[in-house]
Amino acid sequence: MALGTLGREPIDGLVEQALHRLSQGEAPSRIEVERVDFKEERGRRAPDGSVSGGEATNEDAADHLAEELACMANTPGGGAIIVGVSDDGALIGTRLNADWVRHRIWQLTSGQLTVAVREASLKGCRLLILTCIEALAPIRYRGKLRWRVGTNCVEVDPVVWQSRMLERIGFDWSDQSSGQTLEDVSPSAIEVARGYLREANGSESDTSLTNATDADLLRRLNLVKGSHDLTNAGSLLFVATPWPGVDYIRRDIPGGDSTLRVEGAGPLLVQVREIERAAEVANRVTHTAAGFAHGRIRAIPPGTLREAIVNGLVHRDWLVAQPTVVEHVGDSLTVTSPGGFLGGVTPDNIITHPAVPRYRNLAEAMASLGLAEREGIGVDRMVRDMLAIGRPAPVIAEVDGPYVRVALLGGAPDTAVVDLVAALTPPWAASVDSLLLIEHLTRNGWVDAESATQLLQRSSEEEANEAIRRLSDTYADAAGSVPVISPVQGIPPHQPAAFRLSDAVQSRLAHRLGSLRAPAGRETLILDWSRARGRVSSTEVADLTGLSKVSAGKLLTRLAGAGHLKGGRTERRGRGFFYVPAQT
């Protein structure tokens, strides 16, 4: 049994895009994605590398394709295999009969998998496109259950597969009855919950929730089914996790012996409190005295530290019998939680993607207790708070397992960044967008709407351009006389605007611009600019690098002499001369 969509399948668009890119000469390794793969027909290549003409039926090929398509069907969304393309992109085609292939795959998978097979022609070469939709029941082939992770098929635990399927169909395991009741609730968990509510220091309704009876507190958190049965979320939070929910390991230095280890047990709320307290003690304090924003600043902002730990528990897969691992090494914290991303969330859109809770009942209860963001997963706040002290943004990735890993690279704050953020006018201008743009400018030297679209995880250049506009209206002083960014000079009127840090802000952040001011850094900056913008002039170079126009001209001449650039017109003299990237 499989699950499809009404209308045109999204996979069709991915296949068309893959064929177009192949026709343009791109290698399959650059085109393949999780849901689209290229294969040559197995069994036709001789030991000397030559390829035979092929036949209408081929058992070796059918067996190989059945194995790969079972893997595709087990993958969220299903996928497609394009047959007749070698690993190096050569079009070797196939003579396989489409009806025979479809029926043989159905036979080899014991009737579990029916694929759609259609012919395609690319540059006169016959290809077959085999498409499968997502399976509702796991399909094993030769006793193995596999799914796609990136561009590879890997074995997957049946429990992990089932958990992902429940997520895909919107089933909230955390909202189901747990078999435990109000009588099973731990008094210590209730006290921890009330403590978190008091810390939240919220509205009058929050005070009312703090003072509610134990039973009313749990009911108002929506953790009770009927009159007294706890949901699975209620059981996790207030009774006990079925296995240690979190494993906290503290090391003073990388590779050193652990100085503290806390393996959580009992109610999840109690585990969270224990781990949070252990991490708080190890979260080093720096006393800063430079500038007017001085004070006590933690190596990792406390809100970000809590957010990372709580997210690793709320959004993890609770059907996998493994703990969320929190490794606190020196000033850095890494949280690795079972279960991959879901609902279309990826590292490339996680800041702006709508919230997709794995367990809505659990997430909403934690939000009501003040432990999680009700509006989303709090990643944007984590990014903002780390950048605001001059530390790198959180590194978030999905790794094999699957697991989600969040790394917070804490350390001594950059007081110049802290003071700059504190000085931004208006104060609300210190948004995650603005701080991402400022940090990008210290590393890359310039930004425009096109480059900001991916940086800010926006869906259009118009949105990115609006974020740049807001930053251009932001000042680094209370009087509103020091702009944060300035337009790059020398851009032709018909080209989109681009921006750099203003001279005053560059002076304040000079220690972060060292790589851009070094000779090699200047060359990299100018070549990046020329490739992205299609041209570069001495006026643009002088404005981007701080060099005189004479020195900027010499730099361009040197890059042209090295074969990186060439003149934009035959006549090299006169006003308006520019260079373009050399053809490679």
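- Ionic pairing of Arg95 and Glu55 is not present here: no N-O contact between side-chain nitrogen and carboxylate oxygen is shorter than 4.0 angstrom.
- Legend: residues meeting salt bridge (charged side-chain N to carboxylate O under 4.0 Å, His left out) with Arg500, ordered by chain and number and at least two apart, are Asp503, Asp543.
- Annotation: Asp60, atom CG; neighbour count of heavy atoms from other residues, nucleotides and ligands within 6.0 Å is above 12.
- More than 12 heavy atoms of other residues, nucleotides or ligands sit less than 6.0 Å from atom CD of Gln176.
- Here Phe499 and Trp446 keep their ring centres 6.0 angstrom or further from each other.
- Here Arg381 pairs with Glu307 in a salt bridge; the nearest charged N to carboxylate O distance falls below 4.0 Å.
- Two residues are said to be in side-chain contact when any heavy atoms from C-beta on lie closer than 4.5 Å; Val335 and Leu313 fail this criterion.
- A salt bridge links Arg104 with Glu59; the closest basic N to acidic carboxylate O contact falls under 4.0 Å.
- Using a 4.0 Å cut-off between charged nitrogen and carboxylate oxygen, Asp63 and Arg42 do not count as a salt-bridge pair.
- The residues Arg384 and Asp380 are annotated as not salt-bridged, no charged nitrogen and carboxylate oxygen being separated by less than 4.0 angstrom.
- In this structure, Arg535 pairs ionically with Glu540, as a charged nitrogen and a carboxylate oxygen lie closer than 4.0 Å.
- Annotation: Arg102, atom CZ; neighbour count of heavy atoms from other residues, nucleotides and ligands within 6.0 Å is above 12.
- With salt bridges taken as basic N to acidic carboxylate O contacts below 4.0 Å, none links Asp175 and Arg360.
- The shortest distance between side-chain heavy atoms of Val383 and Leu435 does not fall below 4.5 Å.
- For the pair Ser530 (side chain) and Gly534 (backbone), a donor-acceptor distance under 3.5 Å is absent.
- Ring geometry, His103 versus Trp106: the interplanar angle falls under 30°, so the pair is classed parallel (tilted spans 30 to 60°).
- Within 6.0 Å of atom CD in Glu26, more than 12 heavy atoms from other residues, nucleotides or ligands are found, so the atom counts as buried in its surroundings.
- Other residues, nucleotides and ligands contribute more than 12 heavy atoms inside 6.0 Å of the CZ atom of Arg126.
- Of the charged side-chain nitrogens involved, at least one lies within less than 4.0 Å of a carboxylate oxygen, so that Glu523 and Arg558 count as a salt-bridged pair.
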Show which side-chain atoms of residues 487-497 pair as donor or acceptor with protein atoms under 3.5 Å away, not counting sequence neighbours.
unit_1 : atom_1 : unit_2 : atom_2 : d
Gln489 : NE2    : Pro487 : O      : 3.2
Gln495 : NE2    : Arg533 : O      : 3.1

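- For Cys132, the disulfide bond (SG atoms under 2.5 Å apart) criterion is met by no residue, not counting sequence neighbours.
- The main-chain N or O of Ser86 is never found under 3.5 Å from a side-chain atom of Glu40 such that the two would form a donor-acceptor pair.
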